[in-house]
Amino acid sequence: MLSMRLPIISAMLLWTPDLVAAERSTGDWRGTWNWDGLLLFNLGVLWWLYGRGLSQVWKSAGVGRGISRGQAVAFQVGLLAIFVALVSPLAALSDVLASAHMAQHLLLTMVAAPLLVLGAPALAVTWGVPKNWRPSIGAWRRKTTPIRQLLWQPFVVWMIFAITLWVWHLPALYNAALDRPILHDLEHVTMFVAAFLFWRVILEPMTRQRLHPVPAALYLFTASLHAAALGVFLTFAPAAWYDYAATTGDFGFTPLEDQQLAGMLMWMPGCLIFLIAAAALLIAWLDGETQADLAG
């Protein structure tokens, strides 16, 4: 249900178009919140739509059925992660420190995306949209079946996620995004959508297209390798790649030290999330197999 539409709807959360060149200043970043009206509106719409659908599901099936309480909490925490990444002072800090920018990206791709997937948003949104919209959605689904099927292929979405991650960390594109808000917004949208598709293949609770835990663990392990490689390159680069020379000094960093911290964030906690997820999937599968053997 809405299996391809959800990444598109979710991408609206991050889209706050602004064509004006960015002014990057350290200033008092602690008190700088990004109260962008469009961003807050989109967050509110998705929160309301999910809540409306959840209410309808629980009214029909019973509280905790169809969508569990844990899944509902996961979705809310995922939205909170987006809020922290894009609205809190971290958003302002990410304009002046590469390490903060990396933390922002990790929140979007390694925290918010998997938590939103775990929340079963497709089911909730299907129940949440007005009934007279559903025939149009069904027609759209039929027309886009080949594309939707393609975006369930593990190798395809693995590659989309890897390419998106690496391309946006190329110095020329990364620095261009720092100075052009419209490009920065596009960076957030594409990284989030790619991550949503990546995690959906292994975590989506409402489909049989989800990968078996064993290949899912391999899928996550190989993703951790390319993410670790990016972190290593950032950490051990002989010179800074990114244009933070005018801002890092206020925090006691050189641009290279700031980049090294960003690389370590990607290399260690970032990659650890992949490995923890792989271990959790395998443990849950083995526990299920053991319980089945005991019952047999």
Side-chain angles (χ1 to χ4, degrees), residues 1-11 14 74 78 102 105-123 140-170 173-174 186-234 263 266-286 288-289:
M1 298 178 183
L2 293 180
S3 59
M4 179 182 164
R5 192 177 183 87
L6 253 295
I8 298 172
I9 293 173
S10 300
L14 317 180
M102 182 63 77
H105 288 172
L106 291 176
L107 273 174
L108 290 174
T109 61
M110 306 293 192
V111 180
L115 287 174
L116 291 181
V117 170
L118 284 171
L123 178 60
W140 175 87
R141 279 174 48 80
R142 288 189 291 273
K143 289 179 182 178
T144 58
T145 296
I147 297 174
R148 291 188 297 105
Q149 290 176 341
L150 182 65
L151 293 178
W152 273 103
Q153 298 302 311
F155 178 74
V156 172
V157 294
W158 190 100
M159 289 299 298
I160 289 173
F161 181 60
I163 291 170
T164 302
L165 187 67
W166 279 81
V167 164
W168 280 114
H169 285 90
L170 293 174
L173 197 55
Y174 186 105
L186 182 62
E187 176 187 39
H188 288 159
V189 169
T190 53
M191 290 184 73
F192 178 80
V193 170
F196 188 97
L197 294 171
F198 173 88
W199 289 102
R200 183 185 63 161
V201 169
I202 55 173
L203 296 180
E204 169 59 54
M206 299 294 173
T207 181
R208 294 181 179 178
Q209 298 184 75
R210 185 174 62 246
L211 267 178
H212 185 277
V214 174
L218 180 62
Y219 174 89
L220 287 165
F221 175 70
T222 53
S224 75
L225 294 180
H226 82 74
L230 176 60
V232 167
F233 286 146
L234 287 167
M266 170 60 76
W267 182 8
M268 296 176 188
C271 292
L272 189 61
I273 292 173
F274 288 126
L275 299 179
I276 290 173
L281 287 172
L282 287 176
I283 290 169
W285 172 68
L286 290 170
E289 292 291 303

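Side chains included, hydrogens not; waters and symmetry mates left out as well; all remaining heavy atoms used.
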Task: Shortest non-hydrogen separation from A228 to C271 and the atoms involved - done: N-SG, 3.2 Å
- [ ] Specify the closest pair of heavy atoms between T164 and A194, including all atoms of both residues, with the distance to one decimal.
- [x] OG1-CB, 3.8 Å
Task: Minimum-distance pair of heavy atoms, taken over all atoms of F192 and L108 - done: CD1-O, 3.6 Å
TODO: Output the distance between atom CG (L197) and atom CZ (F161), rounded to the nearest 0.5 Å.
DONE: 10.5 Å
Open item on the list: So, taking the atom named CZ in F233 and the one named NE2 in H169, what distance separates them when rounded to the nearest 0.5 Å?
Closed with: 13.5 Å
Open item on the list: My understanding is that only residues two or more places apart in sequence, or in another chain, count here; which of them pass side-chain contact (heavy atoms from CB on, under 4.5 Å) with P269?
Closed with: L265
Open item on the list: Just verifying a value: how many Å separate I202 CD1 and L211 CG, rounded to the nearest 0.5 Å?
Closed with: 7.5 Å
Open item on the list: Minimum heavy-atom separation for T190 and E187, please, with both atom names.
Closed with: OG1-O, 3.2 Å
Task: Intermediate values then yes/no, side chain to side chain contact (heavy atoms under 4.5 Å, CB included), L282 and V214 - done: CA-CA 7 Å; L282 287 176; V214 174; 4.2 Å; yes
- [ ] Determine whether L275 and F221 make a side-chain contact, defined as any pair of heavy atoms from C-beta on separated by less than 4.5 Å.
- [x] yes
TODO: For residues L281 and Y219, determine if any side-chain heavy atom of one lies less than 4.5 Å from a side-chain heavy atom of the other.
DONE: no
Open item on the list: Can you list everything that forms a side-chain contact (heavy atoms from CB on, under 4.5 Å) with L218? Sequence neighbours excluded, please.
Closed with: T222
- [ ] Sequence neighbours left out, what passes side-chain contact (heavy atoms from CB on, under 4.5 Å) with A223? Give chain and number order.
- [x] W158, F198, H226, F274
Task: From I276 atom CD1 to L220 atom CG, the distance as rounded to the nearest 0.5 Å - done: 11.5 Å
Open item on the list: Looking at M206, is its backbone amide N or carbonyl O close enough to the side chain of E204 to form a donor-acceptor pair, meaning the two atoms are under 3.5 Å apart?
Closed with: yes
Task: Full working for side chain to side chain contact (heavy atoms under 4.5 Å, CB included) between F196 and V157 - done: CA-CA 9 Å; F196 188 97; V157 294; over 6 Å; no
Task: Which atom of V201 lies closest to which atom of P154, heavy atoms considered - done: CG1-CG, 3.9 Å
TODO: Quick one: pull up CG in L165 and CD1 in I160 and give me the separation to the nearest 0.5 Å.
DONE: 13.5 Å
Open item on the list: Contact between H105 and M266 at the side-chain level, heavy atoms closer than 4.5 Å - yes or no?
Closed with: no
Open item on the list: How close do L118 and A74 get, counting heavy atoms only, and between which atoms?
Closed with: CB-CB, 4.2 Å
Open item on the list: I need the Q153 CD to L150 CG distance, nearest 0.5 Å.
Closed with: 6.5 Å
Task: Check: R200 side chain, L151 main-chain N or O, donor-acceptor pair, under 3.5 Å - done: yes
